[in-house]
2 protein chains.
Amino acid sequence: MRRPTLEAVAARAGVSRATVSRVVNGESTVGPRIRESVLRAVEELGYVPNSAARSLVTQRTDSIALVVSEPPTRVFSDDPLFSLVVRTAGAELERAGKQVVLMMAGSAEAQARVQGYVAGGHVDGVMFVSMHSSDPLPEAILRLGVPMVSYGRPAVAVDIPHADNDNAGGAERAVAHLLGAGRRRIATIAGPQDMIGGQDRLAGYRTALEGAGRRPLVEAGDFTRESGAAAMRRLLAAEPSVDAVFAANDLMAIGALQALRQAGRGVPGDVAVVGFDDIEAARFTDPPLTTVRAPIVEQAGAMVRLLLTPPADRESERVILPTELIVRDSA
Amino acid sequence: MRRPTLEAVAARAGVSRATVSRVVNGESTVGPRIRESVLRAVEELGYVPNSAARSLVTQRTDSIALVVSEPPTRVFSDDPLFSLVVRTAGAELERAGKQVVLMMAGSAEAQARVQGYVAGGHVDGVMFVSMHSSDPLPEAILRLGVPMVSYGRPAVAVDIPHADNDNAGGAERAVAHLLGAGRRRIATIAGPQDMIGGQDRLAGYRTALEGAGRRPLVEAGDFTRESGAAAMRRLLAAEPSVDAVFAANDLMAIGALQALRQAGRGVPGDVAVVGFDDIEAARFTDPPLTTVRAPIVEQAGAMVRLLLTPPADRESERVILPTELIVRDSA
DNA sequence: CTGAAAGCGCTTACAG
DNA sequence: CTGAAAGCGCTTACAG
């Protein structure tokens, strides 16, 4: 079942291939009669342009790579961040007539594959999600001259247009809330320090605490529930007097909630808990989680728009979205 | 910064384009000296084949479309099923040298786009995730003659190779567990009935209940936490004596847990709750959720292998994976 | 407004 | 084992 070609349509409509091409691509310089009959032939034959042929001559692919740089450990975690970013960006890109090629880049092998793919001219641009500071891809793609953008400020030295949110400010506000409620020993469960989100949220925590003349108390996690629970247990062991904890994301806050419950500590009575992200699960914990809302959907949209806008037309190479404290019952 | 072509490599190595092509594609019929010098030229020039040109002549694309057929309402839900399936399938496909093109098909417009894309010869195969019974795509793609597979038994009349899990059996086992624990009034929060998972899990519930001579009590949800909470409230209002509920997925079970908490009912004391899927969140609820484990990762892997295996070499066109009851504290 | 022709960068029979 | 040549299905100056 061979697909019909331009040639076939031309023959059927009794015109040249050039004319069919013009009609198919919506050029206005074709007479109405002819356009009409070409359209009919296209319809009858069920013609759809062969994209490989088209992209060979136009040097465009209308495809964008969405690169998720997560190591295997986190690949099977169920952080909703990925679904949300991937699906929002995907839908927006599709609306713009672009296709989304999803690429995992969590190992050196996978990174090499991504690089080869981009070098092979498969895509017109690349979007980075969840970048780590050791990621060699941005540098490599910069050399290839392919446009790129990043979800969040890049964790590497390469300067990449990006959409971020005010991670540090959000963290500061969370801690200020805890301080304002009279909490004295405020700990944090920090995220991975090779990621911007992890770094900035920790920085915000430190700023707020130090501004109040208090000493920081930090345990690190890796953004999974499991690691949040483990960090909370360490915190409880190291500093039994802890009466509040700011977790760098909601998943870790959920883990902390569980560890607290198992240790017999009441929330927020004994220990107040604040998360970050405001994922849907935050409304269903017991007690419902106070958290900092990260505008994930908006941020993904902004990133896509950045990539779709030619550099000359961009108002700015970076957009920073505000975060907002959502007070529920856990703090 | 034009990328080097075959031509350039050939010139540099002092051989014909045909020879370079053979070396690049790993054919064994090239003399070692020549191969050596071609490889050197490739290296020096940083040559990477242009995939559009290659696919124009080979008629292959080495790309696979992963079609997620969710309507907007669920697009922004954070069901981890999608991340898991998308990322597992993606990683496996990449390992096989295929690229994954992610496509959302939640509206008629989006469906048309997918169809056009597949018709345009962009992909060698398509994988359906989360299919609804009204989906016109399987039929359309069948006509195009492009190979396809489905995650779960297809919800449409088209016969598609697929990897499924034993949804009905799992549901039966869940209800049997409840019956065995002496529960008398066992309700279910069913999933969408235009999806196979929703249908089969409800069927399993009915089979088990009727086998025990009990009357079914059904409220429907749409697989979101919110809908699970709402269904639980309706159940409580309609039948205050309900002492157990089987939710067709964990997210709805989590919603039910919240509604029960708000209604002052103890779990499992007053009402036992069983979910389905065993997503990571199930281990972090209060109390931890008893649920039926769906082998999501294995199922995604099986689906990929099905697509990658030529029809003639397949042992079967459908693989059904077992489910397992995971007993925690909620039932 | 329409067409003839060149060319995008590869692969693959076909000769030798 | 290697090369000359045709051809994959399009688009786009260039003429007219």
Side-chain angles (χ1 to χ4, degrees), chain A residues 1-39 41-42 45-63 116-124 144, chain B residues 1-39 41-42 45-63 116-124 144:
Chain A
M1 189 169 59
R2 258 199 125 41
R3 293 164 41 204
T5 66
L6 245 205
E7 185 85 53
V9 177
R12 178 147 195 147
V15 300
S16 73
R17 283 144 66 215
T19 297
V20 177
S21 173
R22 291 188 186 104
V23 171
V24 169
N25 288 291
E27 282 182 37
S28 54
T29 64
V30 178
R33 304 225 70 127
I34 295 210
R35 135 169 286 116
E36 189 63 22
S37 70
V38 168
L39 255 19
V42 165
L45 261 25
Y47 171 72
V48 179
N50 176 306
S51 42
R54 171 178 283 172
S55 115
L56 180 57
V57 26
T58 61
Q59 308 278 23
R60 283 182 301 101
T61 65
D62 289 331
S63 295
Y117 191 72
V118 176
H122 276 92
V123 298
D124 299 336
L144 291 169
Chain B
M1 189 167 61
R2 262 200 124 38
R3 293 164 41 204
T5 66
L6 244 205
E7 185 84 52
V9 177
R12 177 146 194 149
V15 299
S16 72
R17 281 144 68 217
T19 297
V20 176
S21 174
R22 291 187 186 107
V23 171
V24 169
N25 289 291
E27 281 182 38
S28 55
T29 63
V30 179
R33 301 225 73 125
I34 295 209
R35 135 168 286 117
E36 188 63 21
S37 68
V38 168
L39 255 19
V42 165
L45 262 25
Y47 171 72
V48 179
N50 176 306
S51 41
R54 172 178 282 172
S55 115
L56 180 56
V57 25
T58 61
Q59 308 278 24
R60 284 182 301 103
T61 65
D62 290 331
S63 295
Y117 191 72
V118 176
H122 276 92
V123 298
D124 300 336
L144 291 169

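Values below: every heavy atom of this structure, side chains too, minus hydrogens, waters and symmetry copies. In the text below, chain A, chain B and the rest are named by the order of the sequence lines, each starting its count at 1.
Protein atom CG of A:Asp62 is 12 Å distant from nucleotide atom P of D:dT11, rounded to whole Å. Atom CD of A:Gln59 and atom P of D:dC10 are 17 Å apart (whole Å). Atom P of nucleotide D:dG9 and atom CZ of B:Arg54 are separated by 18 Å, given to the nearest angstrom. When rounded to the nearest whole Å, the span between CD of A:Glu7 and P of D:dT11 equals 13 Å. Remark: P of C:dA6 and CG of A:Leu56 are 17 Å apart, rounded to the nearest angstrom. When rounded to the nearest whole Å, the span between CZ of A:Arg17 and P of D:dT12 equals 14 Å. If you take CG of A:Asn50 and C1' of D:dG7, they are 13 Å apart, rounded to a whole angstrom. Distance, B:Leu6 CG to C:dT12 P: 12 Å, rounded to whole Å.
Where pairing requires Watson-Crick or G-U contacts shorter than 3.5 Å, the helical stems of DNA chain D with at least three consecutive pairs are C:1-3 with D:14-16, C:5-12 with D:5-12, C:14-16 with D:1-3.
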Give every donor-acceptor pair under 3.5 Å between a side-chain atom in residues 11-19 of chain A and any protein atom, sequence neighbours left out.
unit_1	atom_1	unit_2	atom_2	d
A:Arg12	NE	A:Glu44	OE1	2.7
A:Arg12	NH2	A:Glu44	OE1	2.9
A:Ser16	OG	A:Ala18	N	3.4
A:Ser16	OG	A:Thr19	N	3.2
A:Ser16	OG	A:Thr19	OG1	3.3

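Annotation: side-chain contact (heavy atoms from CB on, under 4.5 Å) contacts of A:Ser28 (sequence neighbours excluded): none. For A:Arg54, the side-chain hydrogen bond (donor to acceptor under 3.5 Å, both in side chains) criterion is met by A:Asn25, not counting sequence neighbours. Under the ring-ring contact (aromatic ring centres under 6.0 Å, His included) criterion, A:Tyr117 pairs with A:His122, not counting sequence neighbours. Scanning for side-chain contact (heavy atoms from CB on, under 4.5 Å) contacts around B:Thr61 gives B:Ser55, B:Ser63, B:Asp124, with sequence neighbours left out. When the side-chain contact (heavy atoms from CB on, under 4.5 Å) test is applied to A:Val48, the partners found at least two apart in sequence or on another chain are B:Ala119.
B:Leu6 approaches B:Ser21 most closely through the heavy-atom pair CD2-N, 3.9 Å.
Applying the salt bridge (charged side-chain N to carboxylate O under 4.0 Å, His left out) test to residues at least two apart or on different chains, none of the pairs has a partner in residues 20-36 of chain A.
For DNA chain D, the residues of residues 21-37 of chain A within the heavy-atom distance limit of 4.0 Å (strictly under) are A:Ser21, A:Arg22, A:Asn25, sorted by number.
The side chain of B:Ser16 has D:dG3 as its nearest neighbour among C:dG9, C:dG3, D:dG3. Listed candidates were C:dG9, D:dC10, C:dT11. Nearest to the side chain of A:Ala53 is D:dC10. For B:Tyr47, the listed nucleotide lying nearest its side chain is C:dC10; candidates were C:dA6, D:dT12, C:dC10.
Test B:Val42, B:Val9, B:Leu39 against B:Val23 for side-chain contact (heavy atoms from CB on, under 4.5 Å) and you get one pass: B:Leu39.
Each of B:Val57 and B:Gly14 lies near DNA chain D, and the nucleotide nearest B:Gly14 is the one positioned closer to the 5' end.
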